[in-house]
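Each remark here refers to the structure printed beneath this line.
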Amino acid sequence: MTETYLNVRNLNVSYGKTIAIRNVSLQLAKGDRLALIGMSGSGKSTLAMAIAGLLPKQAHIEGTIDFAGRRPKLGSDIGVLFQDASGSLDPVMKVGDQIAEVVMTHLGMSWISARVRAAELLDRVKIPKALSRLNSYPHEFSGGQKQRIALAAALAGNPSILIADEPTSALDTVIQKHIVDLLGELVKDGGLTLLFVTHDIALASQQADQIAVIYQGEVVEAGASGQLLREPRHPYTKALINTHISLDRPRSKRLPQIDMAGLQ
Ligand SMILES: Nc1ncnc2c1ncn2[C@@H]1O[C@H](COP(=O)(O)OP(=O)(O)OP(=O)(O)O)[C@@H](O)[C@H]1O
Ligand SMILES: [Mg+2]
C-alpha cells in the first residue's frame, strides 16, 4: 500500500462571512501529482495556501493538515511557486542571495556552500551562465526567467512537496510551455509530490496523474486524470471539459454546453 504523505481532513476555510473551502479532504502519497482545477473564485488558492500555511491572518481555518504526523513546514517540506514571480522574489535583492538564503535557512549550509548551491539551482532551472548571474537583480531577467528563478527558490530548501498556483498564467503561450515542461521534468527527476493549481483542464491532465475538481469551495469530483476526462461524473466537470473542447473547435462543430443554472 502506498504511504499517505499529506493528509487533509475536513478542511473548512472562511474569510469573515465568505466560506471559501467547505469540508475538503484529500490525500497525497509520495510522488503523486495532483491538479486542482476550478473556475475563478472556487477556492483553489485558498486550499493550496492553507496547505502551505500561507493564508492571511483573517482566514478562519478548521480541520487538519497532516504531513507525516505533523504540520508541514514551508520551505523544507513544501515549496511554493506563485502565478507572479514578483510575489516570491525580492526586487532589491540579488537572485543568488535570495536562493542562498533559503538554502542556508533550511539546509544549514555555510554562506559559501549555499551560494554554490544557488548557482546549481539556477543551472537546473536552465538560466544560462548561471554562475555569472548570481549577482543580478530580478528586473534583469525576462518574465519566464523570473519564474524559473522563483522555481529555483521554491526548490532551494529541498522540499518534498511543490505547490504551484497557476504558475504560467501570467506568461505568454510559448514561455508557458517551457515552464510547464521544466516543472514536469524537475518534479519527475526529483521524485517530488506536486499540487498543481490551474483552471486549464488540458494543462491539468498534462501535469498531473490525478485531478480534483473544486466548485464553490467543495471538491465535487476527484480521480485519475485519464478516467476523469473520459468519464466525468459531475455536471461541472462535464461543463469544464465541454467548454475547453468548444474553445478549440470551429463554432459550427462546438458541442452543446451544460446548463450551469442547475449546478447551484
Ligand atoms: N484574503 C481574502 N479575504 C477575503 N476573501 C478572500 C480572500 N482570498 C480569497 N477570498 C475569497 O475566497 C473565495 C475563494 O478565493 P480563491 O482565491 O481561493 O479562489 P481561486 O479559485 O484561487 O480563484 P482564481 O482562479 O481567481 O485565482 C473567493 O470568494 C474569494 O473572493
Ligand atoms: Mg487563485
Side-chain angles (χ1 to χ4, degrees), residues 6 8-26 28 33-65 72 74 78-89 143 146-147 150-151 154 161-173 175-176 179-180 183 194-208 210-222 225 228 232 234-244 247 258 260-261 263-264:
L6 182 74
V8 176
R9 261 174 307 153
N10 308 114
L11 190 73
N12 289 280
V13 181
S14 53
Y15 303 97
K17 286 196 178 120
T18 308
I19 301 173
I21 292 296
R22 294 163 202 266
N23 206 30
V24 166
S25 294
L26 59 90
L28 286 179
R33 299 179 309 156
L34 172 72
L36 200 56
I37 68 166
M39 61 187 175
S40 183
S42 56
K44 303 181 297 296
S45 296
T46 301
L47 176 55
M49 294 310 132
I51 294 171
L54 280 174
L55 282 179
K57 277 204 186 76
Q58 71 268 28
H60 178 75
I61 311 167
E62 279 169 21
T64 54
I65 298 165
L74 186 62
I78 297 188
V80 182
L81 186 62
F82 299 93
Q83 176 175 345
D84 183 358
S86 44
S88 27
L89 298 176
K146 268 188 256 191
Q147 196 57 311
L151 179 56
I161 301 174
L162 179 68
I163 294 181
D165 188 357
E166 309 219 37
T168 59
S169 327
L171 304 167
D172 73 51
T173 336
I175 307 295
Q176 260 184 18
I179 300 283
V180 163
L183 189 65
L194 176 70
L195 179 62
F196 186 80
V197 175
T198 180
H199 55 260
D200 182 337
I201 197 152
L203 204 54
S205 62
Q206 186 189 335
Q207 278 298 299
Q210 296 169 51
I211 293 179
V213 181
I214 186 163
Y215 178 70
Q216 293 187 346
E218 277 179 87
V219 171
V220 292
E221 184 164 3
S225 309
L228 193 131
H234 194 277
Y236 177 59
T237 315
K238 291 179 186 166
L240 271 181
I241 294 170
N242 284 349
T243 308
H244 183 79
L247 289 174
I258 300 284
M260 296 290 287
L263 294 175
Q264 301 294 325

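One-based numbering, in listed order, for ligands and for the atoms of each. Every value quoted in this text rests on a predicted model; they were computed, and no experiment measured them. In what follows, residues are counted from 1 in the order of the sequence shown.
For Val13 against Ala50, the heavy-atom pair with the smallest separation is CG2-CB, 4.4 Å. The heavy-atom pair separating Ile163 from Ala48 by the smallest distance is CD1-O, 3.5 Å. When all heavy atoms are compared, the tightest approach of Met39 to Tyr215 is CE-CE1, 3.8 Å. Between Ala212 and Leu34, the closest heavy-atom pair is N-CD1, 3.7 Å.
At a 3.5 angstrom cut-off on N or O pairs, Gly41 counts as close to ligand 1. Taking distance alone, with nitrogen or oxygen atoms compared against 3.5 Å, Thr18 stays at or beyond that limit from ligand 1. For ligand 1, the polar-atom distance check finds an N/O of Gly43 within less than 3.5 Å of one of the ligand's N/O atoms.
The nearest protein atom to atom 17 (O) of ligand 1, hydrogens excluded, is given as Ser45 CB, 4.0 Å; this is a heavy-atom distance. The shortest contact between atom 1 (N) of ligand 1 and any protein heavy atom is with Gln58 NE2, 3.5 Å. The nearest heavy-atom contact from the protein to atom 25 (O) of ligand 1 is Lys44 NZ, 2.7 Å. Atom 26 (O) of ligand 1 has its closest protein heavy atom at Ser40 OG, 2.6 Å. Protein heavy atom at the shortest distance from atom 15 (O) of ligand 1 is Thr46 OG1, 3.8 Å. From the protein, the heavy atom lying nearest to atom 3 (N) of ligand 1 is Tyr15 CD2, 3.5 Å.
For Lys44 (side chain) and Ile214 (main-chain N/O), no donor-acceptor pair under 3.5 Å exists by modelled atom type. Thr198 places no side-chain N or O within 3.5 Å of a backbone atom of Ile37 that could act as its donor or acceptor partner. In this structure, the side chain of Ser225 engages the main chain of Ala208 through a donor-acceptor pair within 3.5 Å. With hydrogens and angles disregarded, no donor-acceptor distance shorter than 3.5 Å links the side chain of Gln176 to the backbone of Pro167.
Not a single heavy atom of Met49 lies less than 4.0 angstrom from ligand 1.
Distance check for atom 30 (C) of ligand 1: every protein heavy atom is found at 4.0 Å or beyond.
Less than 2.8 Å away from the Mg ion (ligand 2), the protein contributes these N/O/S atoms: Ser45 OG.
Applying the 4.0 Å criterion to heavy atoms of Pro56 picks out, from ligand 1, the atoms 1 (N). Remark: ligand 1 atoms within the under-4.0 Å shell around heavy atoms of Met39 are 21 (O). Those atoms of ligand 1 that come under 4.0 Å of a heavy atom in Ser42, given as number and element, are 19 (O), 21 (O).
Interatomic distance, CD1 of Ile78 versus CG of Leu195, reported as 8.5 Å (0.5 Å rounding). Here CG of Asn10 is found 5.0 Å from CG of Asn23. Values are rounded to the nearest 0.5 Å. To the nearest 0.5 Å, the span separating CG on Asp165 from OG1 on Thr46 amounts to 9.0 Å.
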For Val180 and Gln207, what are the C-alpha separation, side-chain angles and deciding distance, and is it a side chain to side chain contact (heavy atoms under 4.5 Å, CB included)? CA-CA 8 Å; Val180 163; Gln207 278 298 299; 2.9 Å; yes
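Residues satisfying the salt bridge (charged side-chain N to carboxylate O under 4.0 Å, His left out) test with Glu218, not counting sequence neighbours, are none.
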